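Computed from a prediction, not measured in an experiment: that's the story for all the values here.
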Number of protein chains: 2
Amino acid sequence: MPASTKLGTGRRGELLTLACHLFAERGFQATTVRDIAEAAGILSGSLYHHFDSKETMVDEIIRTFQDELFTEYDAIMAMDLGPREKLAAVIATSFEAIHNHRDAVAIYQHESKYLQQFERFSYLIERNKQYRDILMSLLAEGVSAEVFREDLDVEITYRFIRDSVWVAVGWYHPERGLAASEIAERYLGIVLDGISRK
Amino acid sequence: MPASTKLGTGRRGELLTLACHLFAERGFQATTVRDIAEAAGILSGSLYHHFDSKETMVDEIIRTFQDELFTEYDAIMAMDLGPREKLAAVIATSFEAIHNHRDAVAIYQHESKYLQQFERFSYLIERNKQYRDILMSLLAEGVSAEVFREDLDVEITYRFIRDSVWVAVGWYHPERGLAASEIAERYLGIVLDGISRK
DNA sequence: GTCTATACGGCGATAGAC
DNA sequence: GTCTATCGCCGTATAGAC
């Protein structure tokens with residue numbers, strides 16, 4: 001499946017996909033409405049027939065992506081698995097999201113801090129909390145269940161996993177390398193067992 | 001030592017420190033020369049008595065920081081230590097850089113990709129190569145010396161360490177938590193031995 | 001659904017007075 | 001070393017014709 005396919009159908013969806021690609025590549029602020037219009041072969045004024053503003057575009061892109069992603073996380077959390085297996089599934093799902101929605105992940109990764117300052121994007125803060133709850137609860141549960149080290153710093157480990165997974169969007173390009181599932185597996189190998197020889 | 005202290009003395013250094021802070025907080029593009037001037041209590045035109053352009057400012061900030069950082073890396077690589085100890089020292093030095101030069105690290109972290117497109121900042125690409133050489137050689141040496149796992153994916157591990165160390169600038173604030181050396185130690189605990197209970 | 005034309009503001013940068 | 005004043009450009013967004 002190509003990246004970023006679910007941004008709606010028709011002309012609106014097409015324009016959103018183009019915008020998504022440009023936002024991911026150049027950054028939200030650095031991408032002008034004229035850039036987006038040019039990529040679509042129209043003039044900037046015509047964009048406003050489809051969207052209220054540039055902010056509306058990025059809003060819709062991020063919302064669509066996050067709604068799908070967290071639906072998948074919820075499904076994993078509802079499964080009858082141990083914390084180690086759930087953590088593995090969450091991480092695998094994250095790498096698959098990078099695979100399937102690379103542009104949207106990149107936008108979220110790079111523009112989230114900037115966009116959070118606007119009321120309109122307050123849901124980004126909610127989603128951050130939700131993601132934090134997922135990872136922290138899995139880590140804590142894993143420590144209790146004695147599958148993770150008893151001296152694990154849950155807070156630092158959470159941040160460490162969160163950051164190191166999502167920044168992979170900066171270098172992971174499935175078409176020129178490993179599949180998402182293989183990357184996830186190797187990543188898990190490091191996080192779970194470390195790089196030291198036993 | 002407070003963050004970002006070595007940006008020169010006198011008025012020029014003061015202005016650079018202010019700019020450094022704003023660039024780190026709001027981003028390079030989102031920070032206007034008027035913002036910087038206002039923070040300094042002067043008008044935007046007056047800035048041009050000290051600097052050619054906004055680009056000159058960020059250039060000087062990044063160069064100063066990187067020159068110091070890589071001097072430290074070079075010193076570590078020249079020491080008579082094994083790969084595991086050198087890796088530990090490189091990582092500890094990186095966390096100390098986040099501690100001592102948080103703003104400069106944030107700027108490098110967030111603006112590097114954007115700035116690299118200008119010839120003026122081609123040294124950023126050189127520095128990336130240099131950093132990659134340091135980590136990759138340590139990892140490869142560690143595998144040969146049988147201190148790291150023989151099946152280690154050196155390329156992925158390099159990216160993983162690079163990314164996860166530097167993104168810590170987004171959340172690590174020494175004044176409200178652990179010292180840099182303690183963070184480095186816990187980080188190393190995860191990377192070297194993983195989170196699984198043995 | 002797109003174009004023409006344009007408003008309006010903020011941007012980086014400059015020249016010369018003080 | 002700073003201020004006054006301003007230039008020229010480009011940003012988002014709008015109104016109305018086609």
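When only modelled atom types and interatomic distance are considered, B:R186 and A:T157 share no side-chain donor-acceptor pair under 3.5 Å. Side-chain atoms of A:Y123 and A:D59 include a donor-acceptor pair closer than 3.5 Å.
Which of D:dA13, C:dT2, C:dC11 sits closest to the side chain of B:T32 comes down to C:dC11. With C:dT2, D:dG1, C:dG12 as the choices, the nucleotide that has an atom nearest any side-chain atom of A:H50 turns out to be C:dT2. With distances taken from any side-chain atom of A:K54 to the nucleotides D:dA13, C:dT2, D:dC3, the minimum falls on D:dA13. Closest contact between the side chain of A:I42 and the listed nucleotides D:dT2, C:dC3, D:dA13 involves C:dC3. Comparing D:dC3, C:dT4, D:dA13 against the side chain of A:L43 picks out C:dT4 as the nearest. Closest contact between the side chain of A:S44 and the listed nucleotides D:dT2, C:dA13, D:dA13 involves D:dA13.
Heavy-atom neighbours of A:E185 CD from other residues, nucleotides or ligands within 6.0 Å: at or below the threshold of 12. Remark: B:E126 CD is packed, more than 12 non-hydrogen atoms of other residues, nucleotides or ligands lying under 6.0 Å away.
A:E38 places its CD atom 16 Å from the P atom of C:dT2, with the value rounded to the nearest Å. Nucleotide D:dG11 holds its P atom 14 Å from the CG atom of A:L47, rounded to whole Å. A straight line from OH of A:Y48 to P of D:dG16 spans 18 Å, rounded to a whole angstrom. Rounded to a whole Å, the CZ atom of B:R26 is 14 Å from the C1' atom of C:dG10. Counting to the nearest Å, the P atom of D:dA13 and the NE2 atom of A:H49 are 17 Å from each other. Atom-to-atom, CD of A:Q29 to P of D:dC10 comes out at 19 Å; the value is rounded to the nearest Å. When rounded to the nearest whole Å, the span between CG of A:D35 and P of D:dG11 equals 7 Å.
No engagement by B:T56 is indicated, since no non-hydrogen atom pair under 4.0 Å with the nucleic acid exists.
OP1 and OP2 of C:dG1 both lie 4.0 Å or more from every side-chain N or O belonging to A:S46. Residue B:R12 places none of its side-chain N or O atoms closer than 4.0 Å to OP1 or OP2 of D:dG1.
Sequence order on DNA chain D of the closest nucleotides to A:A30 and A:D52 puts A:A30 first from the 5' end.
In the interface, the side chain of B:R34 is not paired with the base of C:dG10 through any donor and acceptor atom under 3.5 Å apart.
Relative ring orientation between A:Y187 and B:F160 is described as perpendicular, the plane-to-plane angle rising above 60° on a 0-90° scale split at 30° and 60°.
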